[in-house]
Amino acid sequence: MPELPDVENKKQYLDATSLHKDIRRAEVKDDSVLEVAPQTLKKHLESQSFEDTARTGKYLFAAVDAKWLVLHFGMTGGLSYAEDSGSIPDHTRVLFHFEDGGRLAYTCQRMLGSIDMTDHPEQFIDQHDLGDDALQVNLDTFRDILNSKRGMIKTALMDQSTIAGIGNIYSDEMLYQSHIHPKTKINDLDEDQVKGLHGHMQRILNTAISNQADPEEMPDSYLIMHRQEGASCPNGDGTVKRIEVSGRGCYICPDCQQKQ
DNA sequence: CGATCTGTTAGTAG
DNA sequence: ACTACTAACAGATC
């Protein structure tokens with residue numbers, strides 16, 4: 001569940017469960033998610049502790065020693081804390097064992113997540129060409145960013161170098177609520193539509209965060225629980241349709257989202 | 001068996 | 001330089 005709201009939730013989860021605890025051991029179960037050597041990870045983590053966290057887009061950073069641990073969750077990554085260090089969730093790739101007997105598991109079913117280390121989040125963001133975090137982008141910046149790009153609006157919203165944090169699900173939600181067809185060219189958007197998109201982006205992301213990014217807890221008016229060909233539009237008489245945009249399955253209500 | 005899935009990146013082509 | 005499209009990564013589900 002790894003778009004911005006999911007990752008923000010994982011940040012809060014890490015803060016609540018694992019901050020300031022001595023890390024006795026970093027146990028690598030599967031090094032294929034590691035962007036650094038297992039020894040490097042161990043060297044910087046063991047006998048240290050997570051002292052602070054930060055998030056940009058879909059990346060979670062945890063300050064440790066003089067470095068920052070970088071967690072990315074791919075499509076299926078997660079964090080799971082337990083008091084009992086002996087229990088190991090399915091698909092655990094790395095375990096952080098704490099002095100008090102608890103442990104934090106980094107899980108990833110499909111191996112699309114990654115664990116890295118960096119001197120500083122800003123350096124990592126530069127190196128990976130990440131745009132500003134979606135919740136930090138004000139309307140003026142949003143307008144400027146869009147004006148600097150061409151192509152389809154959905155593609156731009158999902159491009160992490162444009163704005164960081166929005167993926168397939170939430171770009172669909174923003175476009176649905178803004179009544180904009182995903183294939184609309186950026187140049188064809190008028191000022192009201194840009195303003196609407198920005199407002200919906202902020203509101204949807206904040207709503208999702210306060211609902212633990214759980215689709216079932218989202219308002220009934222949202223598209224998120226109706227992502228199925230033939231489902232009925234929660235706000236009208238339309239029927240949800242699946243189209244393909246940028247190689248991703250994209251759900252729209254053709255009644256609400258007229259093509260320009 | 002084939003299609004699908006909340007992501008990213010490398011390669012190719014225009 | 002920017003944009004569009006594809007494949008690849010890997011595993012589970014329908």
Side-chain angles (χ1 to χ4, degrees), chain A residues 1-11 13 29-35 55-60 70-79 89-94 106-116 118 124-131 133-134 144-176 182-188 201 204-205 207-209 211-218 222-231 240-252:
Chain A
M1 310 181 162
E3 294 184 39
L4 185 154
D6 308 275
V7 180
E8 178 61 26
N9 244 55
K10 295 183 200 316
K11 176 184 186 296
Y13 183 81
K29 292 285 196 188
D30 188 331
D31 64 9
S32 51
V33 297
L34 293 186
E35 302 290 333
R55 181 192 58 71
T56 293
K58 305 172 188 175
Y59 288 91
L60 174 56
V70 186
L71 299 176
H72 190 275
F73 299 97
M75 288 210 223
T76 56
L79 293 176
D90 287 346
H91 314 298
T92 293
R93 309 304 173 185
V94 177
Y106 171 87
T107 63
C108 194
Q109 179 193 101
R110 301 166 67 183
M111 307 284 280
L112 301 174
S114 63
I115 295 182
D116 204 346
T118 185
F124 186 89
I125 288 163
D126 280 350
Q127 284 170 349
H128 291 76
D129 195 23
L130 281 185
D133 184 78
D144 288 348
I145 291 169
L146 288 186
N147 284 338
S148 72
K149 305 217 23 135
R150 286 172 291 116
M152 297 181 286
I153 182 61
K154 179 173 167 69
T155 308
L157 292 174
M158 288 197 300
D159 181 347
Q160 302 302 296
S161 70
T162 310
I163 300 169
I166 298 173
N168 200 29
I169 297 285
Y170 288 102
S171 59
D172 276 5
E173 191 68 53
M174 288 169 58
L175 291 161
Y176 169 73
K183 291 190 175 178
T184 305
K185 296 284 191 291
I186 294 170
N187 292 341
D188 293 335
M201 172 170 77
I204 290 167
L205 294 175
T207 300
I209 289 169
N211 288 311
Q212 289 74 48
D214 181 351
E216 308 221 10
E217 297 300 320
M218 301 287 270
Y222 278 39
L223 179 68
I224 192 162
M225 287 299 287
H226 308 271
R227 298 176 60 78
Q228 201 172 359
E229 174 88 39
V240 174
K241 186 170 161 46
R242 180 186 189 276
I243 61 175
E244 194 151 308
V245 184
S246 293
R248 308 295 302 276
C250 166
Y251 293 87
I252 61 170

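Computed from a prediction, not measured in an experiment: that's the story for all the values here. First the proteins, then the strands, lettered A, B, ... as listed; each starts at 1.
Residue A/Tyr251 places at least one side-chain N or O closer than 4.0 Å to OP1 or OP2 of B/dC5. When the side-chain nitrogen and oxygen atoms of A/Arg248 are compared with OP1 and OP2 of B/dT6, one or more of them lie within a distance under 4.0 Å. Put simply, A/Arg242 has no side-chain N or O that comes within less than 4.0 Å of OP1 or OP2 on B/dA3.
In this view, A/His128 and A/Phe124 satisfy the ring-ring contact (aromatic ring centres under 6.0 Å, His included) rule, not counting sequence neighbours. With sequence neighbours left out, A/Asp30 forms a side chain to side chain contact (heavy atoms under 4.5 Å, CB included) with A/Ser32, A/Arg93, A/Met111. Taking A/Lys183 as the reference, nothing meets the salt bridge (charged side-chain N to carboxylate O under 4.0 Å, His left out) condition, with sequence neighbours excluded. With sequence neighbours left out, the salt bridge (charged side-chain N to carboxylate O under 4.0 Å, His left out) criterion links A/Lys58 to no other residue. Shown here are the salt bridge (charged side-chain N to carboxylate O under 4.0 Å, His left out) partners of A/Glu8, two or more places apart in sequence or in another chain: A/Arg55. For A/His72, the ring-ring contact (aromatic ring centres under 6.0 Å, His included) partners two or more places apart in sequence, or in a different chain, are A/Tyr59. Judged as a salt bridge (charged side-chain N to carboxylate O under 4.0 Å, His left out), and not counting sequence neighbours, A/Asp31 has no contacts. The side chain to side chain contact (heavy atoms under 4.5 Å, CB included) check on A/Arg242 picks up A/Glu229, A/Glu244, A/Tyr251, with sequence neighbours excluded. Remark: A/Tyr176 engages no residue in a ring-ring contact (aromatic ring centres under 6.0 Å, His included) (not counting sequence neighbours).
Side-chain atoms of A/Glu3 lie closest to B/dT6 of the nucleotides B/dT9, B/dC5, B/dT6. Of the candidates B/dT9, B/dT8, C/dA12, the closest approach to any side-chain atom of A/His91 belongs to C/dA12. Taking only side-chain atoms of A/Gln109, from C-beta outward, the nucleotide of C/dA12, B/dG7, B/dT9 with the closest atom is C/dA12.
Rounded to whole Å, atom P of B/dT6 lies 12 Å from atom CG of A/Leu223. Following rounding to the nearest Å, A/Glu229 (CD) and C/dC14 (C1') show an atom-to-atom distance of 16 Å. One interatomic measurement links the two molecules: OH of A/Tyr176 to P of B/dT6, which rounds to 18 Å at whole-angstrom precision. The distance between atom CG of A/Leu130 and atom C1' of B/dT9, rounded to the nearest whole Å, is 13 Å. Taking atom OH on A/Tyr59 and atom C1' on B/dT6, their separation rounds to 15 Å, with Å as the unit. The CD atom of A/Gln160 sits 14 Å away from the P atom of B/dT6 (whole-angstrom rounding). We find that NE2 of A/His226 is positioned 17 Å from P of B/dT6, with the value rounded to whole Å. Between the CZ atom of A/Arg227 and the P atom of B/dT4 there is a distance of 13 Å, rounded to whole Å.
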- Return one dot-bracket line describing DNA chain C 5' to 3' (Watson-Crick or G-U wobble pairs, both distances under 3.5 Å; ( ) same strand, [ ] crossing, | another strand, . none). .||||||||.||||

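Within residues 162-173 of chain A, the residues approached by DNA chain B to less than 4.0 Å at the level of any non-hydrogen atom are A/Gly167, A/Asn168, A/Ile169, in residue-number order.
Checking A/Glu244 against A/Arg93, the closest nucleotide of DNA chain C that is more toward the 5' end is the one next to A/Glu244.
Using modelled atom types, one side-chain atom of A/Glu3 and one backbone atom of A/Tyr170 make a donor-acceptor pair closer than 3.5 Å.
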Show each protein N/O and nucleotides 1-5 of chain C N/O combination with a separation under 3.5 Å, one pair to a line.
{"residue": "C/dT3", "atom": "OP1", "partner": "A/Arg150", "partner atom": "N", "Å": "2.8"}

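Straight-line distance between the C1' atoms of C/dT3 and B/dT6: roughly 24 Å, to the nearest whole Å. For the P atom pair drawn from B/dA3 and C/dT6, the interatomic distance equals 14 Å after rounding to whole Å.
Counting non-hydrogen atoms of neighbouring residues, nucleotides and ligands closer than 6.0 angstrom, the CD atom of A/Gln228 reaches no more than 12 such neighbours.
Between A/Ile169 and A/Arg227 the shortest heavy-atom distance is CD1-NE, 3.1 Å.
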